[in-house]
Amino acid sequence: MTSQSVALPPAVALPAFRYAPLYWMALGTFAIGTEGFMIAALLPSVASDLRVSLQAAGELMAIFAITYALSSPILTALTGSLDRRKVLMLSMAGFTLANLVAAAAADYGSLAFARVLLAVAAGLFTPNANALAGVLVPPERRGRALAIVNGGLTVAVALGVPLGAFVGNHFGWRMTFVGVAALSAIALSGLLFGMPRGIGKDLPVAGLRLRLATLRQPAVFSTLVVTTLWAMGTYTIYTYVAPYFTTVVGLEPMEIGYMLFLWGVAAFAGVFLGGLINDKFGARRVMLIALPALALALLSLSAVAYAVPAGAVLFVVIPAVIVWGVAAWGFFPSQQARLIGIAGVSGASVVLSLNASFMYLGFSLGAGLGSVVLTHGGVADLGWVGALSVAASLTLGLLQKAGGASK
């Protein structure tokens, strides 16, 4: 356990409608998750419209992810003395405006700048929403409160991403940003009128020194690297999933939306299945099931392009996509539980914030790695490289010492 920790504040007494602010924050994380993931389905359209290469369009995802990873812990610490309610509203307002900037982008540079703004706002909103969720309810209900707020991201993966693909394919990729701006504006209104003033005003926030001290713990750092390698593996191919489905499977844009919906539903199921297995058998058992299954699913996505007749490709890809979604997101809640087990409950907010940053770092590296693969190979080779990254994640997880990080 870390020697420095932030004590969880007592729950703030609220009236009967105390759960309402949680749902408004969940709508905010839903909007953030939708924007963060939906662009993968729109890369070919974005690349064509802005007259850039597919690799350059893919870097838009890397830009968002690396900005989130670097800015989130720093800005969260720097704004620790501010009213949490105001921080949430300002960050959601910024996210709303940044989506409108993205929708109006005249060229690649403008869209890249908008992605930076989006990431900064998202990286400030999410950890503050998680911190505030813990004071809105009694201590025995904090787990449920966090599940509600973070459930917005899970629902975004399941519903927001394919919905974004549908809107983009019918009305153009710019309208997806307009739609997310509308969602964000609704969430902002809910925070403004549905969250009691002064809530979380004195909520302590971990500073940079504590975050660095936590990060320097070997068990914490190695576990965060496991998170990064896992995220790299799945994002190497997810970034370019639309051209993969077009080139290897021969799907039309609308059919790609259906496939992403299938992946999202599988991911949604994976979160709950992973949590259930974690509670019954521990995080290590989840890792031993999820990561090998994920690696095999990614391998099969590449192997199918070389070893399966064109007419039968879809029959292999569909189960692979299902396993990919379940295994990738089934691993995530157990990894969070693993980190809490290392740092202790009092250090949970710090390690979970760091875990989010390392996850987005992995997303960025995965997008960059996918771009390298496309430069020297093709979309059919993305699965090989993604599987290698997941295998590295599993290897590091197995090498960690018994106890602590391996529980």
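Worth knowing before you read on, the calculation uses all heavy atoms, side chains too, and leaves out hydrogens, waters and symmetry mates. By convention here, the first residue in the shown sequence is residue 1.
When side chains are defined from C-beta on, Leu88 counts as touching Met195, because their heavy atoms get closer than 4.5 Å. Contact check for Ser110 versus Val101: no side-chain heavy atoms found under the 4.5 Å cut-off. Using a 4.5 Å cut-off on side-chain heavy atoms (C-beta onward), Leu361 and Tyr68 make no contact. Put simply, the side chain of Asn99 does not reach to within 4.5 Å of the side chain of Val178, judged on heavy atoms. Side-chain contact between Ser189 and Trp24 is absent, with no heavy-atom pair separated by less than 4.5 Å.
Among Lys86, Arg85, Met25, the one residue that satisfies the side chain to side chain contact (heavy atoms under 4.5 Å, CB included) test with Leu191 is Met25. With Val373 as reference, Leu382 is the one residue of Ile237, Val379, Leu382 to meet the side chain to side chain contact (heavy atoms under 4.5 Å, CB included) rule.
Gln400 and Arg338 share a donor-acceptor pair across their side chains, judged by distance under 3.5 Å alone. In summary, the side chains of Thr227 and Asn355 do present a donor paired with an acceptor at a separation below 3.5 Å, with no hydrogens or angles considered.
The backbone N or O of Ala219 sits less than 3.5 Å from a side-chain atom of Ser222, completing a donor-acceptor pair. The closest donor-acceptor contact from the side chain of Thr29 to the backbone of Val149 lies under 3.5 Å. Counting only distance, with no hydrogens or angles, the side chain of Ser393 and the backbone of Val226 share a donor-acceptor pair below 3.5 Å. Between the side chain of Tyr244 and the main chain of Leu301, a donor-acceptor pair closer than 3.5 Å is present. A donor-acceptor pair is defined here as one N or O able to donate and one able to accept, closer than 3.5 Å; such a pair exists between the side chain of Ser302 and the backbone of Gly383. Side-chain atoms of Ser364 never come within 3.5 Å of backbone atoms of Tyr360 as a donor-acceptor pair (strictly under, hydrogens ignored). Using modelled atom types, no side-chain atom of Asp279 and backbone atom of Leu276 make a donor-acceptor pair closer than 3.5 Å. Of the possible polar contacts, one joining the Arg115 side chain to the Leu60 backbone as a donor-acceptor pair under 3.5 Å is found.
Atom OH of Tyr258 has 12 or fewer heavy atoms from other residues, nucleotides or ligands within 6.0 Å.
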Counting only pairs under 3.5 Å, give me each side-chain donor-acceptor contact of residues 36-55, with atom names and distances, residues two or more places apart or in other chains.
{"from": "Asp49", "atom 1": "OD2", "to": "Trp173", "atom 2": "NE1", "distance (Å)": "3.1"}
{"from": "Asp49", "atom 1": "OD2", "to": "Arg174", "atom 2": "NH2", "distance (Å)": "3.3"}
{"from": "Ser53", "atom 1": "OG", "to": "Ala56", "atom 2": "N", "distance (Å)": "3.1"}

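Sequence neighbours left out, the pairs with a member in residues 269-289 that pass ring-ring contact (aromatic ring centres under 6.0 Å, His included) are Phe268-Phe272.
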Q | Test log, rule side chain to side chain contact (heavy atoms under 4.5 Å, CB included), inputs Phe95 and Phe125 | A | CA-CA 9 Å; Phe95 190 76; Phe125 180 88; over 6 Å; no
Q | Candidate pair Phe64 and Glu35, rule side chain to side chain contact (heavy atoms under 4.5 Å, CB included), full reasoning | A | CA-CA 10 Å; Phe64 179 94; Glu35 194 285 326; 3.4 Å; yes
Q: Dump the intermediate steps for side chain to side chain contact (heavy atoms under 4.5 Å, CB included) on Leu288 and Leu398, then the final yes or no.
A: CA-CA 9 Å; Leu288 292 173; Leu398 293 175; 3.4 Å; yes
Q: Verify side chain to side chain contact (heavy atoms under 4.5 Å, CB included) between Leu388 and Trp384, making sure each step is shown before the conclusion.
A: CA-CA 6 Å; Leu388 282 174; Trp384 306 127; 5.7 Å; no
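Once rounded to the nearest 0.5 Å, the distance linking CZ of Phe171 with CZ of Phe166 reads 6.0 Å. Rounding to the nearest 0.5 Å places OG1 of Thr223 at 3.5 Å from CD1 of Ile342. In this structure, Glu255 CD and Leu314 CG are separated by 8.5 Å, a value rounded to the nearest 0.5 Å. In this structure, OG1 on Thr228 lies 10.0 Å from CG on Leu396, to the nearest 0.5 angstrom.
Under the 30°/60° scheme for interplanar angles, the aromatic rings of Trp230 and Phe331 are found to be tilted.
Proximity of the aromatic rings of Tyr238 and Tyr235 is defined here by a centroid distance below 6.0 angstrom, and this criterion is met.
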